[in-house]
**Q** 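My questions will all concern the structure given below.
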Number of protein chains: 2
Amino acid sequence: MTKEGRGFLRKTKQREVILSVLRSTDTHPNADWIYEEVKQVLPNVSLGTIYRNLRILVESGEALELCYGSAASRFDGNPQNHYHFVCEKCENVYDLKVPVNDEVARRLSDVTGHLITDHRLEFYGICKDCKVYNDASTRHED
Amino acid sequence: MTKEGRGFLRKTKQREVILSVLRSTDTHPNADWIYEEVKQVLPNVSLGTIYRNLRILVESGEALELCYGSAASRFDGNPQNHYHFVCEKCENVYDLKVPVNDEVARRLSDVTGHLITDHRLEFYGICKDCKVYNDASTRHED
DNA sequence: ATTGACTGTAGTAATCATTATCATTCAATT
DNA sequence: AATTGAATGATAATGATTACTACAGTCAAT
């Protein structure tokens, strides 16, 4: 039982470029940013195509979608589960290089009776850079 | 250093009802559902008021906001950090009764140099009920 | 009680991200 | 090369959330 939920997928230039753009960065970009990048290779590409393919890539397990509040979704070209740290000041998303704990999910499957197949762990705070900036200034409000 | 970021907050009937509605359920409702409930007490309440106050409650640490994809945000009247399980079939969100691990965040703060103040852990899969339903049927597609 | 400054509200318009629609194009298969 | 159905580009539509505005309620100091 794979992550597929769709019949035949044709290989298209658009999806290929979208995936390569996504894999070329670790900034966890949103659809708009990807759109701008892809346009440099395929000037006629449509934003709808970006969204459609991102959805396909996420559903087929080739990318991850990260959702934060009412802001646009961000995407990650590394489909292996991993954890993130989000800076609430600069909104950067950092990959965390710590091992993923699948043990907890397995244990929780037993305890709860639910079939747990996945999990997401996100950390929040102020990143190293913004922290320095904050300490240096004496402002108390934004 | 509290979670406030706002001057004086006046106590209003609307915010009071919104919070009590939110605390009366464990279904992690969205703004629309809360709107309908609040309307039964305050028929003239506006959806904008719901959103405005939910934001205030989240910012002041009296509620949690849960974001899943492009769907509407869901809210949790229990402001203490805890973990959730989301059924990808019925979209129900279950509270998990396992202890929160703040140790990891503390350790990661040291390792990464970021100031980590919070974290969210969400599990995904098929819930107990939907699992039964799935097993009983022999369909392979939706 | 009367000001005045200010906060919150209802109602509505505007915004923004995302999805749907549809005629056309194109990749894959024959 | 012809066929076929998935994918595309262009654009419209949707849906969640936020912004705007005129008005009402609250508070504190006169």
Side-chain angles (χ1 to χ4, degrees), chain A residues 4-22 28-60 62-75 91 93 141-142, chain B residues 4-22 28-60 62-75 91 93 141-142:
Chain A
E4 327 294 311
R6 199 174 286 261
F8 303 102
L9 278 188
R10 281 200 318 213
K11 187 173 148 194
T12 66
K13 190 72 185 166
Q14 285 85 347
R15 179 155 51 244
E16 189 185 315
V17 174
I18 290 168
L19 187 52
S20 87
V21 161
L22 193 52
H28 311 83
N30 60 21
D32 267 319
W33 187 90
I34 296 166
Y35 178 44
E36 295 302 328
E37 291 295 309
V38 173
K39 261 203 287 197
Q40 303 194 9
V41 182
L42 306 169
N44 289 326
V45 74
S46 157
L47 182 56
T49 298
I50 305 293
Y51 273 106
R52 192 177 332 112
N53 281 290
L54 284 173
R55 188 152 30 88
I56 289 171
L57 291 172
V58 169
E59 283 176 7
S60 67
E62 293 171 89
L64 299 181
E65 181 177 2
L66 313 175
C67 316
Y68 303 111
S70 55
S73 279
R74 303 176 69 151
F75 296 87
E91 312 233 84
V93 175
E141 301 290 330
D142 299 25
Chain B
E4 324 295 312
R6 198 175 286 262
F8 303 103
L9 278 189
R10 207 169 275 166
K11 185 174 147 194
T12 66
K13 191 72 186 165
Q14 285 85 344
R15 180 155 50 245
E16 187 187 316
V17 174
I18 289 169
L19 187 53
S20 87
V21 161
L22 193 52
H28 311 84
N30 60 21
D32 267 319
W33 187 90
I34 296 166
Y35 178 44
E36 295 303 327
E37 291 295 310
V38 173
K39 261 203 289 196
Q40 303 194 12
V41 183
L42 306 170
N44 289 327
V45 75
S46 156
L47 183 55
T49 298
I50 306 295
Y51 274 107
R52 189 179 337 110
N53 281 291
L54 284 173
R55 189 152 29 86
I56 289 171
L57 291 172
V58 169
E59 283 176 8
S60 67
E62 293 171 88
L64 299 180
E65 181 176 3
L66 312 175
C67 316
Y68 304 110
S70 55
S73 279
R74 303 176 69 151
F75 296 87
E91 313 232 83
V93 175
E141 300 291 329
D142 299 27

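Order of the sequence lines fixes the chain letters, A, B, ..., with proteins taken first and strands second; residue numbering starts at 1 for each chain.
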**Q** Rounded to whole angstrom units, what separation is found between the OH atom of B/Tyr68 and the C1' atom of D/dA16?
**A**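 Atom OH in B/Tyr68 sits about 17 Å away from atom C1' in D/dA16.
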**Q** When the distance from CG of A/Asn44 to P of D/dT11 is rounded to whole Å, what number comes out?
**A** 12 Å
**Q** Let me spell it out: for each of B/Arg10 and B/Ala72, pick the nucleotide of DNA chain D with the closest heavy atom. Which residue's pick is nearer the 5' end?
**A**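 Residue closer to the 5' terminus by nearest nucleotide: B/Ala72.
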**Q** Measure the distance from CG on A/Leu47 to C1' on D/dA7 and round it to the nearest whole Å.
**A**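 Roughly 16 Å, once rounded to whole Å.
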**Q** Using atom OH of B/Tyr35 as one end and atom P of D/dA16 as the other, report the distance to the nearest whole Å.
**A**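 The answer, rounded to whole Å, is 13 Å.
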**Q** For B/Gly69 versus A/Glu65, what's the shortest heavy-atom pair and its separation?
**A** CA-OE2, 4.2 Å
**Q** Is any side-chain heavy atom of A/Phe75 less than 4.5 Å from a side-chain heavy atom of A/Leu57?
**A**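 They are not in side-chain contact.
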**Q** Mind calculating the distance between CG (A/Leu54) and C1' (D/dA7) to the nearest angstrom?
**A** 15 Å
**Q** Touch check for B/Arg15, heavy atoms < 4.0 angstrom, all strands: base, sugar-phosphate only, or nothing?
**A**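 The residue B/Arg15 makes sugar-phosphate contact but no base contact.
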**Q** Please report the shortest heavy-atom distance between A/Ala63 and A/Leu22, naming the atom on each side.
**A** CB-CD2, 3.8 Å
**Q** Name the residue closer to the 5' end of DNA chain C, choosing between A/Asp32 and B/Lys11 according to the nucleotide with the nearest heavy atom.
**A** B/Lys11
**Q** Would you check if A/Asp32 and A/Leu47 make a side-chain contact, meaning some heavy-atom pair closer than 4.5 Å?
**A**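 A/Asp32 reaches A/Leu47 side chain to side chain.
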**Q** Give the rounded distance in Å between these two atoms: CZ of A/Arg55 and C1' of D/dA7.
**A**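 A/Arg55 atom CZ is separated from D/dA7 atom C1' by 12 Å.
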**Q** Go nucleotide by nucleotide along DNA chain D from the 5' end; which of A/Ile56 and A/Pro43 gets its closest nucleotide reached first?
**A**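 The residue mapped nearer the 5' terminus is A/Ile56.
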**Q** Counting only side-chain nitrogens and oxygens, does B/Ser70 get under 4.0 Å of the OP1 or OP2 atom of D/dA16?
**A** no
**Q** Figure out the CD1/P separation between A/Ile18 and D/dT8, and round it to whole Å.
**A** 7 Å
**Q** Rounded off to whole Å, could you give me the CG-to-P distance for the B/Leu9 and D/dC27 pair?
**A** 13 Å
**Q** Which nucleotide span of DNA chain C, 5' end to 3' end, has atoms closer than 4.0 Å to non-hydrogen atoms of chain B?
**A** C/dC6 to C/dT19
**Q** For the residue pair B/Ile34 and B/Pro29, what are the closest heavy atoms and their distance?
**A**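 Heavy atoms of B/Ile34 and B/Pro29 come nearest at CG1-CG, 3.9 Å.
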**Q** If you look at every heavy atom in A/Val58 and A/Leu64, which pair is closest and at what distance?
**A**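 Nearest pair, atom of A/Val58 first, then A/Leu64: CG2-C, 4.2 Å.
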**Q** Could you list the donor-acceptor pairs under 3.5 angstrom formed between side-chain atoms of residues 7-18 of chain B and any protein atom two or more places apart in sequence or on another chain?
**A**
from, atom 1, to, atom 2, distance (Å)
B/Thr12, OG1, B/Arg15, N, 3.2
B/Arg15, NH1, B/Asn53, OD1, 2.6
B/Arg15, NH2, B/Arg10, O, 2.4

**Q** Can you tell me which nucleotide in D/dT26, D/dG5, D/dT8 comes closest to the side chain of A/Asn53?
**A** D/dT8
**Q** If each of B/Gly69 and B/Phe8 is mapped to the nucleotide of DNA chain C with the nearest heavy atom, which maps nearer the 5' terminus, i.e. the 5' end?
**A** B/Phe8
